[in-house]
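Worksheet: one structure, shown below.
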Amino acid sequence: MTKRVGMEVSVAIGEMVKMADVDVVAAYPITPQTHIVEHIAELVADGELNAEYVPVESEHSAMSACLGSAAVGARTFTATAGQGLELMHEVLYVASGMRLPIVMTVANRSLAAPLSVWGDHSDVMAVRDTGWIQIFCENGQDVVDNVICAFRIAEDNKVLLPVMVHLDGFHLSHVIEPMLFPEPEEVKDFLPPNKYPLPLNPAKPVAMGDFAPPFIYTEARWAHETALRQSKQTILKVWDEFAGKFGRQYKPVESYRADDAKTLLFTIGSFSETAMTAVDALREEGLDIGLVRLRLWRPFPFEELRAVVKGAETLIVLDRALSVGGPGGPVCSEIRSALYDANPRPKIVSFVGGLGGRDITVDGFSAIVKRGIELAKTGSDREFQMFGVRE
């Protein structure tokens, strides 16, 4: 029987890690992620979670320790944010390339310089090609549910890939929200024990992280690519089973009032909920507008995206990260690529905003939509727009 609790989202993550009965947590505290691992450390110290907590000296060491624990078959968790995610960057490739089912929550944070501890999506966009499954959350309930789903997905023998669960720093990580918590027995029933198929064992030697000369490296990378793309089948299955058991359904691409809308606003993360309110207000003004939200970032949901925007005339994409010197927003760049062959194809307008923790209000989203429609009509939609820059 689920129960309703009011709790800081970071603390709720720790409670889900406890329900998942993890074996090893290796982490280094960094704002705005600190409360996650701080609470887990308390649970271990108080005997509420029977796990090994490794207080490492850096995020690079945290992910390195996770490699070892996952490689012996231990259920493994970590968390980080911003600069910490960048410090472990090189080890992220090793975790995915070695097919280790590590789960990591990332409290998304902007990257220096200038130094900022506040939230945007600079960090996640910097690690988009590291070969991890990546899921975005809009609110605390999404986070709670997808932490549990992440373990189930990562440890499936058809997947065996690490998973990042993204939550916006401060906008989600430090907010107290009402959430529905499953009972520990329900989680235990949904999440079977981790049975890593080829754990490190001196009695049964296996090779991991081998040196790959040119004659085999390409094949190894293609195998990784194939596995990541095929993981979507398991992700969908796990989300469907979760919905059957707990009543909450998740999809790679989700929408709000988007059926037959001629103009669509595209968002990811917690700002999507503010954008929904803006859509309601614009509908009352008579604008034919809907919202598309991306939940599954990797593997990228090409088919689902094409289906949801079919028939739209204008697609206005908000990025919370800047591809410096490039096309503007990295998400918009991928959407343009995904829809290149679509016929008919909507006009795509790129906005970048909400950087460094700056809010975008309901009025702000309304302004983005109206400006986007104007740019699409005049044919001035080629260059990206930086929203909220003070002159």
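Remember, it's a predicted structure, so these values are computed and weren't measured experimentally.
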> Between Glu138 and Arg293, is there a side-chain N and carboxylate O pair less than 4.0 Å apart?
Replying inline: yes

>> Does anything in residues 106-129 form a salt bridge (Lys or Arg N to Asp or Glu O under 4.0 Å)? List the pairs, not counting sequence neighbours.
In response: Arg128-Glu334, Asp129-Arg298

>> Quick check: closest heavy atoms across Leu291 and Leu264, and the distance to 0.1 Å?
In response: N-CD2, 4.4 Å

>> If you take the centroid of each ring, where Trp contributes its six-membered ring, are Phe136 and His121 closer together than 6.0 Å?
In response: yes

> What is the minimum heavy-atom distance between Ala79 and Val37, and which atoms define it?
Replying inline: CB-CG1, 4.0 Å

>> Show the nearest heavy-atom pair for residues Ala81 and Pro32, with the distance to one decimal.
In response: CB-CD, 3.7 Å

>> So that I can tick it off, tell me whether Arg320 and Asp168 are bridged by a salt bridge, with the cut-off set at under 4.0 angstrom between side-chain N and carboxylate O.
In response: yes

> Hey, mind stepping through Phe246 and Asp145 against side-chain contact (heavy atoms from CB on, under 4.5 Å) and telling me if it holds?
Replying inline: CA-CA 9 Å; Phe246 299 103; Asp145 295 346; 6.0 Å; no

>> When you measure from the side chain of Glu313 to the backbone of Lys262, do you find a donor-acceptor pair of N or O atoms at a distance under 3.5 Å?
In response: no

> Between CD1 of Ile368 and CZ of Phe387, what distance do you get to the nearest 0.5 Å?
Replying inline: 4.5 Å

> Taking it one step at a time, do His35 and Glu8 satisfy side chain to side chain donor-acceptor pair (under 3.5 Å)?
Replying inline: CA-CA 9 Å; His35 291 183; Glu8 183 183 300; 2.7 Å; yes

> Which salt bridge (Lys or Arg N to Asp or Glu O under 4.0 Å) pairs, counting each pair once, include a residue from residues 30-54, with sequence neighbours left out?
Replying inline: Lys18-Glu48

>> I need the minimum non-hydrogen distance between Val144 and Leu180, along with the two atoms involved.
In response: CG1-O, 4.2 Å

>> salt bridge (charged side-chain N to carboxylate O under 4.0 Å, His left out) for Glu183 and Lys3? Distances and angles first, verdict last.
In response: CA-CA 8 Å; Glu183 293 293 337; Lys3 59 181 178 180; 5.3 Å; no

>> Run Phe271 and His171 through ring pair (Phe, Tyr, Trp, His ring centres under 6.0 Å) and show every step you take.
In response: CA-CA 9 Å; Phe271 280 27; His171 286 97; 5.0 Å; yes

> Taking only residues at least two apart or on different chains, which pairs with a member in residues 273-283 satisfy salt bridge (Lys or Arg N to Asp or Glu O under 4.0 Å)?
Replying inline: Arg257-Asp280, Arg283-Asp288

> Does the distance from a Lys or Arg side-chain N to an Asp or Glu carboxylate O, for Arg221 and Glu225, drop under 4.0 Å?
Replying inline: no

> So Asp189 and Lys245, salt bridge (charged side-chain N to carboxylate O under 4.0 Å, His left out) or not? Walk me through it.
Replying inline: CA-CA 10 Å; Asp189 181 62; Lys245 187 172 184 61; 3.0 Å; yes

>> Other residues, nucleotides and ligands only: do more than 12 of their heavy atoms fall within 6.0 Å of CH2 on Trp118?
In response: no

> Between atom CG of Leu339 and atom CZ of Phe302, what is the distance when rounded to the nearest 0.5 Å?
Replying inline: 10.0 Å

> Taking the side chain from Ser333 and the backbone from Pro330, do they hold a donor-acceptor pair closer than 3.5 Å?
Replying inline: no

> According to the salt bridge (Lys or Arg N to Asp or Glu O under 4.0 Å) rule, which pairs have a member within residues 365-376, sequence neighbours left out?
Replying inline: Glu285-Lys370, Arg371-Glu374

>> Using side chain to side chain donor-acceptor pair (under 3.5 Å), reason through Thr274 and Thr277 one step at a time and then give a plain yes or no.
In response: CA-CA 5 Å; Thr274 305; Thr277 305; over 6 Å; no

> Any sub-3.5 Å donor-acceptor pair from Ser173's side-chain atoms to Gln33's backbone N or O?
Replying inline: no

>> If I compare all heavy atoms of Val24 with all of Val54, which pair ends up nearest, and what's the gap?
In response: CG1-CG2, 4.3 Å

>> So, taking the atom named CE in Met98 and the one named NE2 in His224, what distance separates them when rounded to the nearest 0.5 Å?
In response: 12.0 Å

List the atom pairs, with distances to 0.1 Å, where a side-chain N or O of residues 192-207 and a protein N or O form a donor-acceptor pair under 3.5 Å, not counting sequence neighbours.
unit_1: Asn194; atom_1: ND2; unit_2: Gly73; atom_2: O; d: 3.2
unit_1: Tyr196; atom_1: OH; unit_2: Arg99; atom_2: O; d: 3.3
unit_1: Asn201; atom_1: OD1; unit_2: Ala203; atom_2: N; d: 2.9

> For residues 65-81, which residue pairs qualify under side chain to side chain donor-acceptor pair (under 3.5 Å), counting only residues two or more places apart or in two chains?
Replying inline: Ser69-Thr76, Arg75-Glu155

> Stepwise, does the side-chain contact (heavy atoms from CB on, under 4.5 Å) test hold for Leu100 with Leu160?
Replying inline: CA-CA 6 Å; Leu100 298 173; Leu160 295 178; over 6 Å; no

> When Ile335 is tested against each of Leu315, Leu294, Asp319, Val292 for side-chain contact (heavy atoms from CB on, under 4.5 Å), which residue passes?
Replying inline: Leu315

